[in-house]
Structures are given as C-alpha cells and as structure tokens.
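Input: a single structure, listed below in structure tokens.
Chain identifiers are assigned alphabetically (A, B, ...) following the order of the sequence lines, protein sequences preceding nucleic acid strands; residue numbering begins at 1 within each chain.
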Amino acid sequence: MTDLLTSPWPWYVAGPIIGLTVPLVYLYAGRKWGVSSTFRDVCAATLPGRSEYLRYSWRTLGGWRLTMAAGLVLGGFLAGVTRASDVAISSATVADLSALGITDFSGLVPAELFSWGALATPAGLVLIVGGGFLVGFGTRYANGCTSGHAISGLASLRLTSLVAVIGFFVGGLVSTWILLPLLLGGGAS
Amino acid sequence: MTPVDTVLDQDSATPMATKPERLWPYLLLGVVLGVVFTRAEVVSWFRIQEMFRFQSFHMYGIIGSAVAVGALGVQIIKRLGLRSVTHQPIQLPTETFRAPGWQYWIGGTSFGLGWGLLGACPGPIYVLFGNGVTVMAVAFLSALAGVWSYAALRDRLPHS
C-alpha cells in the first residue's frame, strides 16, 4: 500500500482512473468533464471587459470546475510532499534531451527550463510564457483540452474531438522536433 | 459562428435558486486526480517529451485506457438511460454529424504547439504548481492572456 502511494503508477492504473472521471462526473451532476474551461472562468471572474464570450454566470457554470482546480493544486501538493518525483524516462529520451543541452533530469520538470531563474533565459521565457499563452488560446479556440477533447470527447466518439486531438499532436510534434531544437540550440541555456 | 458547445454551456445553466450547490465532491475529485497525475508522471515535461518522441508507451497507455474506460462508461449511461444522482440532465454531446470546422484544426494545433513547449496541459499546470513548480503561475497567467486574446479576436477568427 505504501508502495502504491510512493512509487510511480503504471499506465494501466492511472489511465482507467482518469477515464472513470468522465462517467462519474456525468452520473453525479450530468456535466461534461474538462479542465481548460476554468481558464475562461477565471477571466470571466476577473476581467471580462466587454467581451460577450467572457460575460456569463461563471459562478453557476464554473463553480464546480474551479473547485476541482483547487483540488488539483492540493492533490499535487500532497503528492509532492509525500514523495519527491524523479521521472524514469527512457534512455532514448534522455539521450535526445541531453543532445539538446539538458543536464538536470531530477524532478518532474527540468529546472533549467522551468524555474523562476529560467524565466530570465530566452528559452525558458518562450517555453513558459509562449507555451502557456498557446495553451490558453488554443484550448478556447478549439473549445477543449486534453481532458475535454482527448478524454471526454473521444470517449463520446466525437469527430470534432478527434480532429482537435490530431491538432494537439501535430502541434506537439512541431514543437518537439522543430521549435525545441531551435530554442535550445543544442547548448545549455 | 457561435461554437456549438458554448451554446450548450449557456443552455445548461442549472437553476440553483433554492440552495447553493454542494461543491466538496469536486474538491475531492481534484485531489484524487492531482495525486494520480503526479504519481503517474503525466504532469512531467520529460514524459510529454518522451511521448512526442514516441519513445515510450506510458502516455499512450494512459490516454488510450482512459478513453476506453470513459467510452465504456458513456455507452453504459446511454444504453441504460441512467440519470444523474443530483437529478441534473446528463449533457452528453449530441450525435448530429457536423464536419469539424477550422476552430478544431487551428485551435487544436495551437494548443498542441503550447503543450509541446510547456509540457503541461491545463490540469497539470494546476498540479505542478501544487507540486512546488511555482513558476507555473506565470504559465497560468500567460494562459489567461491567451484566453483574453481569443475572446478579443473571436469574431475575426474562422470557426466553422
């Protein structure tokens, strides 16, 4: 039991739990599970401006998912304090990323690229600020993210979700194979 | 063009005049998912890189089995005509065929570009912040800026 709580979980444990969320949230309150709408809720709550898109009753429509987002932060915190995660990725990936100049493979993310110090480097800035912007813009344009489209949408066999997920992968492959080598340039940032 | 889901969203404004909704189950759900996302390492930039380099089955196994289990659940709800325990209508997507418009192609690809760079989609942004990767707050604010930009440009972007 302690082992299950502290060691990395295999895909066949994590995947079904994540998948169960979809029917569970439907059966609890009839809602379609998705996370990225919380970004829209926060915008609607803070600075809706004159945009019709951001003027809606975010409390009623978004209260549940904003609460879930708070739970995600809390869950991440609890998982983080109970065990420091070092991610055992494949040696091929380690070799590829080393060739891009990454040396620190400890933790969940490379500190060289995702830390407050990294924000001052050109690569870190583009990855954090540029990546974040595209994630926010893209989810709202496509009306869903990995949870809403890849999990909820595909689970409901929606064609629009399939197209969105194809887009997710096209974009991700371009970032991985073209943008990252350009940004990191093979040298340490 | 108004994206269909947005319209659905507005329609589903559940009348809650009587008493405030019970929210703690969603907090609990978030905590469970936060722990699962961390323990299964889906919040890791390294894992996302491994996925986009096709060097491990891990992420594909997670997404694939999640979709399979989710689809099974949705089919059971549909076939048995199950009702929600809080008596709210179940908002299953309607099956009317519609060719996916530009919003899914361009929006999806924009999201993917960001996902590949940041190595985190919306759920993991929250979870990583909780894990102590506090610089994700900047990614979060940046994502909000992305949403604002979309809201401002919405009328001029191709959707269908």
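When all heavy atoms of E112(A) and A118(A) are compared, the pair lying nearest together is O-CB, 3.4 Å.
Residue V67(B) touches chain A through both its backbone and its side chain, counting heavy-atom pairs closer than 4.5 Å. If you measure heavy-atom distances from T176(A) to chain B, the contacts under 4.5 Å come from both the backbone and the side chain. For chain B, the nearby part of L54(A) is the side chain; its heavy atoms alone come within less than 4.5 Å. For S91(A), no part sits under 4.5 Å from any heavy atom of chain B, backbone or side chain. Both the backbone and the side chain of T160(A) come within less than 4.5 Å of a heavy atom of chain B. Of the atoms belonging to P25(B), it is side-chain heavy atoms, and not backbone ones, that fall under 4.5 Å from chain A. The contact between I125(B) and chain A is made entirely by side chain atoms (from C-beta outward), counting heavy-atom distances below 4.5 Å. Proximity to chain A (any heavy atom under 4.5 Å) is shown, for R22(B), by both the backbone and the side chain. For chain A, the nearby part of A120(B) is the backbone; its heavy atoms alone come within less than 4.5 Å. Neither the backbone nor the side chain of D41(A) comes within contact range of chain B; no heavy atoms are under 4.5 Å apart. Using a 4.5 Å cut-off between heavy atoms, I48(B) makes no contact with chain A at all. Only the side chain of L183(A) comes within less than 4.5 Å of a heavy atom of chain B; its backbone N, CA, C and O stay farther away. The part of L97(A) that comes within reach of chain B is its side chain, from C-beta onward, which places non-hydrogen atoms under 4.5 angstrom from that chain. Interface remark: I77(B) contributes side-chain atoms only to the contact with chain A (heavy atom separation under 4.5 Å). Of the atoms belonging to F37(B), it is side-chain heavy atoms, and not backbone ones, that fall under 4.5 Å from chain A.
Taking the six-membered ring where tryptophan is involved, the planes of Y141(A) and F137(A) are perpendicular, since the angle between them exceeds 60° and thus also 30°. By the 30° and 60° cut-offs, the orientation of the rings of Y126(B) relative to F39(A) is tilted.
Annotation: side chain of L127(A) is in contact with side chain of L180(A) (closest heavy-atom distance under 4.5 Å). With contacts defined as side-chain heavy-atom distances shorter than 4.5 Å, the pair P122(B)/F111(B) qualifies.
Ranked by heavy-atom pairs shorter than 4.5 Å toward chain B, the options L162(A), V165(A), T139(A) are led by T139(A). Note on G80(A), G131(A), G172(A), G153(A): by heavy-atom pairs under 4.5 Å with chain B, the leading option is G172(A). Of the listed residues V22(A), I128(A), L78(A), the one with more heavy-atom pairs under 4.5 angstrom with chain B than any other is I128(A).
Separation of atoms CE (M51(B)) and OH (Y60(B)) is listed at 5.5 Å; rounding is to 0.5 Å.
Summarising the local packing, CZ of F57(B) is surrounded by more than 12 heavy atoms from other residues, nucleotides or ligands at distances under 6.0 Å.
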